[in-house]
Amino acid sequence: MLLLLATNYRHLGLEKAFEVVHTFTILTAACVTGRMAADWLGSLVSINCGVTLGVYQGEVSSVDQVSQTISLRQPFHNGIKCPVPEVTFSAMDIKELKILDIRNGSSQVGVADFGPASSGQYGRNGRGGGGAQASSAPMAVPRKGELRSQEGLGSPQQCSKSYGERHLEASGQTKGFRRRHNSWSSSSRGASLATPKKNGMKNGSGTMKNKDDECFGDGMDEGLDTDFDFEGNLALFDKAAVFSQIDTSERRGNGVRSRGTPGERTPSRYRHDENILEAKPVVYRQITVPQQSGKEYCTDSGLVVPSVSYELHKRLLLAAERHGLTLERRLEMTGVCASQMALTLLGGPNRLTPKNVHQRPAVALLCGPHVQGAQGISCGRHLANHEVEVILFLPNFVKMLESITNELTLFSRTGGKQVSSVKDLPDTPVDLVINCLDCHENAFLRDQPWYRAAADWANQNRAPVLSIDPLVSGQEQAVEAKWSLSLGLPLPLAESAGRVYLCDIGVPRQVFQEVGVKYHSPFGCKFVIPLHSA
């Protein structure tokens, strides 16, 4: 008989024809075993018709062995109840047939599996067929009377119960049993088991809560009832024993840690500023001078910077001029470094911001008719370019140095104010006073009336004082400074000079060597560094 049926469908190919005929092997097996096809009527089956027609579930209403068709009453298509009461399928459309429930009470489940359905296959005889794609494969559901026995045996089928079976047991089972909306039996068990509709807001908040429990509450409530025992779990960890084991494994011998060969020993603990890799010892005295002036300074990193006499300092600057570091270039470097230090003392970015234009800092610049005064004018020009109110005091002279004349020409283009009388200086305190009145070579200027008047004004004004290139120790300081800025190498300054800073004016290393100074730059990444008395 199977050969005859296969001959009827030989146009599908021999292999496919036998697959289609084998669809009804389970149903027609009743004839061979003495059972009739009518014995399967009323059974619940799931029919997979491929990706095009989808999956149908329902109750077998008729089986026609002659025309090779099967009919289902109250069918569900992809979990949704069909609008027609009955659907008939041809053997050519069936890819897989599963018997979910047998009417006579047998718990056996038959499956006819023909492999994955070929794409593009269309049904020919299904009255209720549609074009929807199958959402998921149906699962075998045991009968209601077998649930208790399966629960006791711990069968895997306990996790595959259908929507109808779970709903019937909802009143007597635990919270772990939840309903699925895509079950085939949601409507076949009665009107009360209908699939919940989307207009859940009309049924009240209770319906929405049940839907949330069905979707999100699958077996999660039981695990949340028990609090985690932090104290008990922490007691299981013996911290002292673990650290003792780590310390024992890493240490060998008397407090040393072995790295590399056994002969290599390094300290077991390192400070935050120590390197594991060994480095050459740091030489802190990297600058040596031919003649000690009796005073030494040190940087923040510990480098020793000796002071030099004014004669050696003058020789150094003359040697730099011979190699191209002219006076104009030196004045520019000094002005830049001094203005950077002054801007920092004035508050830096906290003070000089676009939102603080109404509180511009004011600086009084006291200069004399010499090179030190030209250095101060250069500093004032850079400060004025950074939106600082600069008031320059410079007495009137018939003849001035060319460097001063050039610096005054540039300063006059910045908008800064220049006065020649102390009476024109502000009566109220300014933010900073920069002192450039003193000269290393002409000590008679201190006897001039303008000098004494400017020094008295600076001492009476409550503003802090910054001295640029101050006098060496032993000479009288007319203005007491809070900070002092030395150039290149420091001079031996008095205690009244305040805190000493050193600026880099760009003298090359070989120029230092020409005057007998072994030099290594102590500035690092900065142009102005603080010095401390050693």
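Treat the numbers as computed from the prediction; the structure is a model and nothing was measured. Throughout, residue positions are numbered sequentially from 1 according to the sequence presented.
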Q: Which value, rounded to the nearest 0.5 Å, describes the distance between M341 atom CE and W483 atom CH2?
A: 7.5 Å
Q: Counting only heavy atoms not in Y451, do more than 12 fall under 6.0 Å of its OH?
A: yes
Q: I'd like to know whether NZ of K482 has more than 12 heavy-atom contacts from other residues, nucleotides or ligands below 6.0 angstrom.
A: no
Q: Quick one: CD1 on I468 to OG on S339, what's the gap to the nearest 0.5 Å?
A: 9.0 Å
Q: Using only heavy-atom distances, determine whether the side chains of Y519 and Q286 contain a donor-acceptor pair under 3.5 Å.
A: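 Note: Y519 and Q286 side chains miss the donor-acceptor criterion.
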Q: State whether the side chain of N356 and the backbone N or O of L352 hold a donor-acceptor pair below 3.5 Å, judged by distance alone.
A: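 No: the side chain of N356 does not pair with the backbone of L352.
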Q: Is it the case that more than 12 heavy atoms not belonging to R360 sit under 6.0 Å from its CZ atom?
A: yes
Q: Quick check on H386: does its NE2 atom have over 12 non-hydrogen neighbours (other residues, nucleotides or ligands) under 6.0 Å away?
A: no
Q: With a 4.0 Å cut-off on N to O distance, would you call D447 and R452 a salt bridge?
A: no
Q: Mind running salt bridge (Lys or Arg N to Asp or Glu O under 4.0 Å) on E514 and R315 for me, showing each step along the way?
A: CA-CA 10 Å; E514 286 187 12; R315 286 168 48 201; over 6 Å; no
Q: Exactly one of V465, L383, L366 should register a side-chain contact (heavy atoms from CB on, under 4.5 Å) with I434. Which one does?
A: L383
Q: For D427, look at atom CG and say whether over 12 heavy atoms of other residues, nucleotides or ligands are found less than 6.0 Å away.
A: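 It does not: D427 CG has 12 such atoms or fewer within range.
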Q: Which distance, rounded to the nearest 0.5 Å, do you find between the CG of L491 and the CG of L312?
A: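 So the CG of L491 and the CG of L312 are separated by 9.5 Å.
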Q: Would you tell me whether H370 and D438 have side-chain atoms, one donor and one acceptor, within less than 3.5 Å of each other?
A: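 Checked: H370/D438 side chains show no N/O donor-acceptor pair below 3.5 Å.
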Q: Any carboxylate oxygen within less than 4.0 angstrom of a Lys/Arg side-chain nitrogen, looking at R381 and E332?
A: yes
Q: Holding to ring-ring contact (aromatic ring centres under 6.0 Å, His included), I want the full list of residues that pass it with F230, two or more places apart in sequence or in another chain.
A: F228
Q: Report, as yes or no, whether the 6.0 Å neighbourhood of atom CZ on F243 holds more than 12 heavy atoms from other residues, nucleotides or ligands.
A: no
Q: Decide side chain to side chain contact (heavy atoms under 4.5 Å, CB included) for V363 and L346; before the verdict, give the C-alpha distance in whole Å, the side-chain angles of both, and the deciding distance to 0.1 Å.
A: CA-CA 9 Å; V363 175; L346 291 172; 3.8 Å; yes
Q: Is F523 atom CZ crowded by more than 12 heavy atoms from other residues, nucleotides or ligands, each under 6.0 Å away?
A: yes
Q: May I ask you to decide whether R330 forms a salt bridge with E321, counting only side-chain N to carboxylate O separations under 4.0 Å?
A: yes
Q: Minimum heavy-atom separation for G380 to V390, with atom names?
A: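 In this case the closest contact between G380 and V390 is O-CG2, 3.7 Å.
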Q: Quick one: side chain to side chain contact (heavy atoms under 4.5 Å, CB included) partners of T344, sequence neighbours excluded?
A: none
